[in-house]
Amino acid sequence: MDLLNDLNDAQRAAVEYIDGPSLVIAGAGSGKTRVLTYKIAYLLAKGKDLYSLLVLTFTNKAAKEMVERIRKMFGETFYIRQKYMGTFHSVFARILHVESDKIGFPSDFTIYDEADSRSLLKSIIKEMDMNEKVYKPAAVHARISMAKNHLISVDSYESDSDIINQDKRAKMPEIAKIYREYVQRCRLANAMDFDDLLVYTYRLFIERKDVLEKYGNLFKYIMVDEYQDTNYVQKKILSLLYNAMQEKAICAVGDDSQSIYSFRGADIDNILSFTKDFPSQDGKEAKLFKLEQNYRSTQTIVEAANSLIHHNRNQIQKEVFSKNDKGEKILYKPAYSDKEEALIVAKNIQRIKRQDDCGYDQFAILYRTNAQSRSFEEEFRKQGIPYRIYGGLSFYQRKEIKDIIAYFRLVANPDDEEAFKRIINYPARGIGATTVMKIADCAHQNQVSFWEVIGNVEHYGLNVNKGTQTKLEKFRLLISSFIDRSHTLDVYELGDAIIRESRISEDIMSGKNADDLARQENLEEFLSGMQTFVAGRQEEGRMDEAYLTDYLQDVALLTDADSEGEKDEPRVSLMTIHAAKGLEFATVFVVGLEENIFPSPLAAISVRELEEERRLLYVAITRAEKHCILTNAKNRFRYGKMEFDNPSRFIDEIDASLIEGGEEAPESSFGGGRSSYGGYGSEGGYGGRMPWDRDRSGYRRDYQNSKPVASQFMADPKPAFASSAAGSLCEGCRIEHQRFGIGTVLKIEGTGENTKATVEFQNAGTKQLLLKFAKFTILS
Ligand SMILES: Nc1ncnc2c1ncn2[C@@H]1O[C@H](COP(=O)(O)OP(=O)(O)OP(=O)(O)O)[C@@H](O)[C@H]1O
Ligand SMILES: [Mg+2]
């Protein structure tokens, strides 16, 4: 078949095998996702209906890209509805919206996002008179989420002594109680959190064999991307569906070296037990395919990534090679400070952009934690480099947008407690916190929703004065009028009415400062997003379906990597490595490669966690097609104070012959090369010898054999930076400052305690230093 000509033999074999279960295990960039895409096309060409394919991708965006590719193969007129293609959460939310009444959940349920879940937990913790400092909502949520993803119900949780003991050790013995209340409150609000979308799907399939059978008959093929990151409940759901299929066919693709979600319950063993979990019709094992050629990256990048991952003991051995160009070495650029790190990245972006004549969208900055984006944002803004942040606060998480969406949610599902609390007094309508507390009490005593209470104030004995009662009634009428219109207006028209009549527009449009303008832009962006949604529906001829819930579902389930934002100009992408999974960029910067950041300090305690951190770096490096640049900062402002960190041990683990750089800027000041580098970590005042300071790749060994030019600096190892050197400072001296890096002294003024030096730093501009406090060493 022509279609398959642009696949290699191994990929082609994997695509063409459609008669039973198969697993493709292969390294990064070897075409796993491509195999799935072509397999869909292949099945369609063989006459299968798109509806009969269940395709689970890691992001909604990935699903959309698959559809686009298939469209290209079949011609633009090919009409595709991607109802059963998307993330586990979005596909099963779609199924639940049709079927949830069969397990006693009204189908217009709301989806609580992470913020809603935490806010509800916060209320519960407060109501139960527990200490919020001990019972941190995020930590409690993580525990509950872990339980749900392992299908541990409240009852089993309570009666499991291991779990209870763990909670006791974590000083949160009452989590079981919170869990119980949380589940009840979600029920009462007719809401499901993210984990519930999986848990209730599982229950639906267990409790209603007829529903399971329906989907078992419908699906002719199941495909799963990134299988290594599936968790227990996901595997269980797949397995139920699989067993219900008439002809059993599933294809999962994954890479155990890229399993990076165990903190969310992902189980790397799923990939190992796949062949057992999904036996073929005649009881045989699933067919295993291996892909070995990486098409994404240069040889050097592939080899560097391989050399790193080989340090993991628990890894399936596999070959990955590239026939692309050898390419440049991995560039390693250490910086003095986070500020300088951002500068180095910006400079290299400009350099490569000129050199390769490419757009800003060819670059990605990948970091371990979201908080690290700040220094890059500042530098990029200063230099006018357009960028976009994925993650952190995604568009739909911003306050003004969440407020508007809360109106939508309440219209779709008036029992939604979190939405109710969010807008009962926004924009301000004189309904204070005390009133809300009273409503909450009343609702809990009577086991009804907030909305039910304000609709029947007297019946439930809500104790508020006449004035407040009038205000509540006005609010109720406002929302009711939207509810009435929601049956006739489209989402955009409804949004427009809500924004005007609730007076949100007045609130947002009146301000004139920069923040207000940003909010106004967001509001406009939001409205145009709704227009796009409506237009899409019209195009598909689906104006009749209840699409307010659909719209809300789309919005609630957007993942970090899904948000696209303005497409007007190419931008540098900034994101966490977790969000970058499956993506590729011509140039990738992996930043913040420091002990205490990457590997994360928590990971240092166990081999298992350390291996996961290593896989995370493997994922990061393998996103790069042509250039991969690693950076770290010796000094970094964190948690409000200056922190000193050694370079990440992972840098040492990459085959040294594949890396260049590593010298301090500028290159000549320390005798060059990487030799100067180890001096900091192994002897300086803020490092000392670390257990992992092995003499392996050459950094430290080189250092020990070489005679550093900066002998003054090295002669005074403790502390490495000292103001005692100030006595011999002269104009024209070159110094290395702890924060500002290398600079030349222009002028010295004053005497004794008040001596000041004016120093021009290479990367931090000109600064005046009071020598008494300044921390620097003299270089020459
Ligand atoms: N046979 C091929 N010919 C040309 N290009 C290919 C071929 N196979 C894969 N590619 C390209 O190589 C890149 C990587 O492929 P793909 O994203 O499918 O890999 P992957 O195994 O899913 O990677 P990851 O593990 O990062 O998810 C893509 O740009 C893809 O189009
Ligand atoms: Mg992939």
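Both counts, for ligands and for their atoms, begin at 1 and track the order of listing. Starting from 1, each residue takes its place in the sequence as its number. Just so it is clear, the model here is predicted, and its values are computed rather than measured.
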Practice task
Anything under 30° is parallel, anything over 60° is perpendicular, the rest tilted; go ahead and classify Phe376 against Tyr367.
Solution key: parallel
Practice task
Fit a plane to each ring of Phe205 and Phe92, take the angle between them on a 0 to 90° scale, and name the class: parallel (under 30°), tilted (30 to 60°) or perpendicular (over 60°).
Solution key: perpendicular
Practice task
Heavy-atom contacts with Asn8 under 4.0 Å: which atoms of ligand 1 show up? List them by number with element.
Solution key: 1 (N)
Problem - Per-atom contacts, ligand 1 versus Arg623 - under 4.0 Å to a heavy atom - result: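 Selected atoms, number and element: 26 (O).
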Any heavy-atom pair between the side chains of [Y] and [X] that's under 4.5 Å?
{"X": "Ser52", "Y": "Phe219", "answer": "no"}
{"X": "Ile70", "Y": "Thr37", "answer": "yes"}
{"X": "Ile111", "Y": "Gln553", "answer": "yes"}
{"X": "Val55", "Y": "Met66", "answer": "yes"}

Sub-3.5 Å donor-acceptor pair from the side chain of [X] to the main-chain atoms of [Y], do we have one?
{"X": "Glu613", "Y": "Ser600", "result": "yes"}
{"X": "Arg623", "Y": "Val619", "result": "yes"}
{"X": "Ser259", "Y": "Asp256", "result": "no"}

Answer yes or no for [X]: is there a heavy-atom contact with ligand 1 below 4.0 Å?
{"X": "Ser30", "value": "yes"}
{"X": "Thr622", "value": "no"}
{"X": "Asp6", "value": "yes"}

For ligand 1, note which part of [X] has a heavy atom under 4.0 Å away: side chain, backbone, both or neither.
{"X": "Val35", "answer": "neither"}
{"X": "Glu584", "answer": "side chain"}
{"X": "Thr33", "answer": "both"}

Exercise for the section: Look at atom 11 (C) of ligand 1 and find which of Phe58, Tyr38, Tyr618, Tyr295 reaches it with the closest heavy atom. Expected result: Tyr295
Problem - Nearest option to atom 24 (P) of ligand 1, as decided by whichever heavy atom of Lys581, Arg296, Glu65, Arg34 sits closest - result: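 Answer by nearest heavy atom: Arg296.
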Practice task
State whether Glu226 and Lys581 are salt-bridged, where the test is any N-O pair (Lys NZ or Arg NE/NH1/NH2 against Asp/Glu carboxylate O) under 4.0 Å.
Solution key: yes
With a 3.5 Å cut-off and no angle check, do the side chains of [X] and [Y] form a donor-acceptor pair?
{"X": "Tyr387", "Y": "Glu377", "value": "yes"}
{"X": "Asp6", "Y": "Tyr38", "value": "yes"}
{"X": "Tyr232", "Y": "Asn270", "value": "no"}

How far is [atom] from its nearest protein heavy atom, and which residue and atom is that?
{"atom": "atom 20 (P) of ligand 1", "answer": "Lys32 N, 3.4 Å"}
{"atom": "atom 1 (N) of ligand 1", "answer": "Gln11 OE1, 2.9 Å"}
{"atom": "atom 19 (O) of ligand 1", "answer": "Gly31 N, 3.0 Å"}

Completion exercise
Under 2.8 Å from the Mg ion (ligand 2), the protein N, O or S atoms found are Thr33 OG1
Handout entry: Under 3.5 Å: N/O of Gly582 near N/O of ligand 1
Key = no
